[in-house]
Amino acid sequence: MKIATWNINGVRARIDNLLAWLTESVPDIVALQEIKTLDEGFPRLEIEALGYHVETHGQKGFNGVALLSKIRPDEISRGLPGNGEDEQARFIEGVFSVDGGAIRVCSIYLPNGNPPGDPVKYPYKLAWMDRLLAFAEDRLALEEPLVLAGDYNVIPEPHDCFDVRAWEGDALFLPETRQAFRRLENLGLTDAVRATTDAVPLYTFWDYQAGCWPKNKGIRIDHLMLSAEASDRLISTAVEKHVRNWEKPSDHVPVVGVFDFAA
DNA sequence: ATGGTTGACTATCAA
């Protein structure tokens with residue numbers, strides 16, 4: 001079973017790329033971020049035509065997440081628990097039947113948090129990470145396969161960015177950000193890509209500006225975080241870097257985990 | 001060489 005995360009940066013602008021990638025890679029479950037559309041604007045018919053179920057949690061203009069799956073989800077819930085006032089669509093959770101059990105997959109679009117001096121944005125990011133920590137703690141207690149898949153907007157380690165000096169004051173790399181990410185790992189979540197490779201550099205995002213892609217000035221911020229029950233079944237991972245060379249690409253590329261679950 | 005794009009939406013904002 002192949003489970004992927006991809007920040008699509010506007011699903012309507014990217015539908016041709018998305019259909020091409022689904023056809024090529026044939027993932028079983030895909031967590032999308034930044035769909036940048038309301039649910040009713042999501043191009044679901046084209047995706048359903050490839051045999052996927054589509055569950056969205058959209059928002060006008062910004063944010064928005066979705067789960068695409070070859071198998072029908074048994075349960076779906078929208079929104080990260082912990083703050084009923086939060087209007088931003090950044091989280092959707094699905095439960096799927098596999099091997100006679102359940103696997104839980106969440107699509108996460110963690111707040112960017114820049115600029116860190118802003119009175120609202122960085123505190124919102126840290127508060128969101130606290131809520132994610134509480135959520136993860138709750139779900140880990142179920143002792144089930146769990147995949148928290150998404151754009152974390154966190155550079156975990158110095159070697160996960162091109163130049164530490166360029167990122168040291170950024171909300172994606174500040175010590176508090178990395179500490180919060182480490183707290184998540186310390187609950188018992190495994191970074192799937194790092195569990196399967198030591199390769200550096202290994203990036204998942206390259207800014208559109210200043211020729212970052214041709215110069216390979218990227219960062220690794222898209223992650224598959226696994227419970228022990230999921231990590232035990234992990235076979236391999238892949239960062240589908242070639243997709244960044246396609247016409248009209250997203251600034252992120254898909255990150256894929258292959259598991260020995262049967263659908 | 002001091003670097004500047006993209007998507008959603010229509011004047012900027014977010015990334």
Side-chain angles (χ1 to χ4, degrees), chain A residues 5-21 31-44 46-47 56-66 80 86-92 107-129 132 149-156 160-174 176-178 180-181 203-223 239 241 243-255:
Chain A
T5 182
W6 192 10
N7 181 321
I8 196 76
N9 190 19
V11 70
R12 287 189 290 185
R14 214 73 63 207
I15 185 62
D16 291 346
N17 278 15
L18 178 56
L19 296 174
W21 180 70
L32 294 177
Q33 301 86 37
E34 281 205 272
I35 62 173
K36 293 187 172 180
T37 176
L38 293 164
D39 294 339
E40 52 267 39
F42 195 93
R44 67 166 50 239
E46 297 95 310
I47 295 166
T56 61
H57 183 36
Q59 183 177 344
K60 189 179 180 182
F62 306 100
N63 304 325
V65 288
L80 179 63
D86 189 353
E87 303 278 309
Q88 299 193 34
R90 296 179 173 276
F91 182 94
I92 186 168
S107 181
I108 288 167
Y109 180 44
L110 208 145
N112 178 295
N114 279 308
D118 186 276
V120 174
K121 292 188 175 184
Y122 194 57
Y124 174 65
K125 178 178 191 149
L126 293 178
W128 209 94
M129 293 184 87
L132 182 60
D151 175 359
Y152 280 73
N153 273 311
V154 176
I155 300 165
D160 292 317
C161 66
F162 177 76
D163 183 359
V164 170
R165 286 167 300 174
W167 290 94
E168 60 190 358
D170 194 280
L172 279 61
F173 193 63
L174 283 173
E176 277 181 278
T177 305
R178 294 177 54 210
F181 186 77
Y203 304 139
T204 65
F205 167 93
W206 297 260
D207 200 294
Y208 290 120
Q209 302 186 62
C212 285
W213 167 244
K215 294 174 186 163
N216 198 27
K217 292 186 171 184
I219 53 179
R220 192 176 73 90
I221 56 174
D222 299 276
H223 309 300
V239 177
K241 193 176 168 180
V243 172
R244 190 65 174 75
N245 266 330
W246 289 359
E247 209 162 316
K248 273 189 58 130
S250 170
D251 38 9
H252 299 249
V253 296
V255 176

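The sequence lines fix the lettering, A, B, ..., with proteins before strands; numbering per chain opens at 1.
Ring geometry, A:Trp213 versus A:Trp206: the interplanar angle exceeds 60°, so the pair is classed perpendicular (tilted spans 30 to 60°).
No side-chain donor-acceptor contact under 3.5 Å links A:Asp151 and A:Gln33.
Look at NE2 on A:His252: it is 18 Å from P on B:dT5, rounded to the nearest Å. Per the geometry, OH belonging to A:Tyr124 stands 12 Å off P belonging to B:dA14, to the nearest Å. Atom CG in A:Leu38 sits about 13 Å away from atom C1' in B:dC9, given to the nearest Å. With rounding to whole Å, A:Arg12 atom CZ is found 19 Å from B:dT6 atom P. Whole-Å rounding puts the A:Tyr109 OH to B:dA14 P distance at 11 Å.
An OP1 or OP2 oxygen of B:dA15 is reached within less than 4.0 angstrom by a side-chain nitrogen or oxygen of A:Arg90. Within the 4.0 Å cut-off from OP1 or OP2 of B:dG7, at least one side-chain nitrogen or oxygen of A:Arg14 is found. Neither OP1 nor OP2 of B:dA15 sits under 4.0 Å from any side-chain N or O of A:Lys36.
Only the C1' atoms considered, B:dC9 is 10 Å distant from B:dC13, to the nearest whole Å. For B:dG4 and B:dA15, the C1' atoms lie 13 Å apart once the distance is rounded to whole Å. Here, B:dT6 and B:dT10 have their C1' atoms 16 Å apart, quoted to the whole Å.
Two residues are said to be in side-chain contact when any heavy atoms from C-beta on lie closer than 4.5 Å; A:Tyr203 and A:Phe162 meet this criterion.
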> Given A:Trp21 and A:Trp246, is the ring pair (Phe, Tyr, Trp, His ring centres under 6.0 Å) satisfied, shown in steps?
Replying inline: CA-CA 10 Å; A:Trp21 180 70; A:Trp246 289 359; 8.4 Å; no
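DNA chain B is contacted by both A:Lys215 and A:Asn9; A:Lys215 maps to the nucleotide lying nearer its 5′ end (nearest heavy atom per residue). Nearest-nucleotide positions on DNA chain B place A:Val11 closer to the 5' end than the other of A:Lys121 and A:Val11.
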